[in-house]
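Contents: one structure, followed by commentary.
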There are 2 protein chains.
Amino acid sequence: LLEVRDLSRVYVSGQQTVTALRDITFAVDPGEFMSIMGPSGSGKSTLMNILGCLDHPTDGDYLIGGRSVLNLKTSELAELRGGKIGFVFQTFNLIPTLTAQANVEVPMMYRGHPARIRRERALKALERVGLEHRADHLPSQLSGGEQQRVAVARALSTDPSLILADEPTGNLDSETSRSIMKLLRQINENTGVTVIQVTHDDDMATYGERLMALQDGRITEDHQVDTA
Amino acid sequence: LLEVRDLSRVYVSGQQTVTALRDITFAVDPGEFMSIMGPSGSGKSTLMNILGCLDHPTDGDYLIGGRSVLNLKTSELAELRGGKIGFVFQTFNLIPTLTAQANVEVPMMYRGHPARIRRERALKALERVGLEHRADHLPSQLSGGEQQRVAVARALSTDPSLILADEPTGNLDSETSRSIMKLLRQINENTGVTVIQVTHDDDMATYGERLMALQDGRITEDHQVDTA
Ligand SMILES: Nc1ncnc2c1ncn2[C@@H]1O[C@H](COP(=O)(O)OP(=O)(O)OP(=O)(O)O)[C@@H](O)[C@H]1O
Ligand SMILES: Nc1ncnc2c1ncn2[C@@H]1O[C@H](COP(=O)(O)OP(=O)(O)OP(=O)(O)O)[C@@H](O)[C@H]1O
Ligand SMILES: [Mg+2]
Ligand SMILES: [Mg+2]
């Protein structure tokens, strides 16, 4: 499904350059559930942004379904981002003026789903993360963990084939974290959705079958692990 | 130092009311280090906002240094918020147009510290959280954990007598989390600063000497614990 070859990402700001990723090479098969771990600043979110077509490599290549993103048109990239890939951002990125339900519906609006279908699927997604009773709250009327769960619901709402979750449980207590991870694994096992998550929590990493570790922009580990 | 009596906080939005806190009663002595834990949505951030004078009770009272916040003038509340209380927000709340260093200097600007003093203290605070090499980056040029650490540095920069940290390590790997917690405990032990932290992490809670648990807006536990 995904293939990364000799990927590098260098940020240039004024006189300073930061090499956030260097010589990253790996492949992910459809239906895999992989966890990415590593110290703060090691390049995890940078890698996730490239996998989600929100950022481009400075060097190297990234192929989705065998096609290089370097050759895709803007419209094709938008199509990928809008529907096939569900993204949970590290900082949630909810629209402050929309309710939880409306936030979950946003990706479906871009795909042109009719209102009734959007509403049904949004409420179902909120129910799966335990927040149907907060559907009409604005983000400012939600706790930190509730905002994070709305972001998870939003990522699931278009039935994506790839879920990229950047620290989906960082603001959640252990019980809620486990239920979110069980939900992700369920989707992965039942519908074959590929899941790549970034986490700082060893327990959350056990829900995947593969572990990749980053350090200073490089891959230092990449192997199968026993699923919990 | 702090006293909370029969505190309640009810949110009213349209037809719905949410009782985020009910009948909260406790006191905190100067120099204590307390951790608050509890499920997502249990009222922790709501309580922290009231302790930090960013929100008011719907019922009950909150006294700082023996004086009820209900009787304080706006200027006195601003004085408390601006200098005596250092706050680490759950969602960091950095100013996007300011560099890491400038963000750390903001509370000191409100207190009228001269530029040279501000710069010195800001760089020292960034050094203590391991980010002196990111002083000139904007928040958008920082990783999630780096943004969180800038927020911690900002909270420390005015030498506050009370630090309120709402999940200060939620986005940090275990090693960086431990160094932040050691820093907080150092400040607490060396200078007698009162520290109240919200955390979802049992390990991080062991850095305090007291543990309070919230559930559905009520206190369900409040006792001394062995410090790690
Ligand atoms: N402005 C508001 N209007 C209505 N309800 C609110 C508002 N702010 C918070 N709430 C609700 O109050 C409850 C407590 O919120 P709070 O942010 O204190 O929880 P929390 O314990 O910090 O949770 P978390 O661990 O997820 O950060 C939540 O159920 C939330 O939905
Ligand atoms: N736009 C940018 N310009 C310059 N440097 C950047 C930019 N964005 C990120 N960086 C730097 O690149 C490095 C990698 O950032 P990234 O966000 O990928 O880390 P991370 O592994 O997700 O960290 P965390 O666990 O703290 O979220 C960091 O050191 C950061 O300071
Ligand atoms: Mg990150
Ligand atoms: Mg909170």
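Values below: every heavy atom of this structure, side chains too, minus hydrogens, waters and symmetry copies. First the proteins, then the strands, lettered A, B, ... as listed; each starts at 1.
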Exercise: identify the closest heavy-atom pair between B/Ile196 and B/Met48: O-CE, 3.4 Å
Give every donor-acceptor pair under 3.5 Å between a side-chain atom in residues 123-133 of chain A and any protein atom, sequence neighbours left out.
none

For the student: nearest non-hydrogen atoms of A/Met204 and A/Gln197, plus distance: O-NE2, 3.0 Å
Partners meeting salt bridge (charged side-chain N to carboxylate O under 4.0 Å, His left out) with B/Asp136 (sequence neighbours left out): none
Closest-packed option against chain A by number of heavy-atom pairs under 4.5 Å, given B/Leu138, B/Leu172, B/Thr91, B/Thr169: B/Leu172
Structural part of B/Val18 lying under 4.5 Å from a heavy atom of chain A: side chain
Electrostatic pair B/Asp23-B/Arg218, nearest N-O below 4.0 angstrom: yes
A/Ser143, part contacting chain B, at a heavy-atom distance under 4.5 Å: side chain
Pairs of heavy atoms under 4.5 Å with chain B: top-ranked of A/Asn171, A/Thr176, A/Thr199, A/Val198: A/Asn171
Region of B/Ser45 that comes under 4.5 Å of a non-hydrogen atom in chain A: neither
Pairs of heavy atoms under 4.5 Å with chain B: top-ranked of A/Gln148, A/Gln147, A/Arg149: A/Arg149
Closest non-hydrogen atom pair, B/Met37 against B/Ala205: SD-CB, 3.8 Å
Heavy-atom proximity to chain A below 4.5 Å, by part of B/Glu175: neither
Part of A/Gln16 lying under 4.5 Å from any heavy atom of chain B: side chain
Most chain A-contacting option - heavy-atom pairs closer than 4.5 Å, from B/Ser40, B/Gly145, B/Ser13: B/Ser40
Atom group of B/Glu167 that falls short of 4.5 Å from chain A, counting heavy atoms: side chain
For the student: nearest non-hydrogen atoms of B/Ser157 and B/Val104, plus distance: OG-O, 3.2 Å
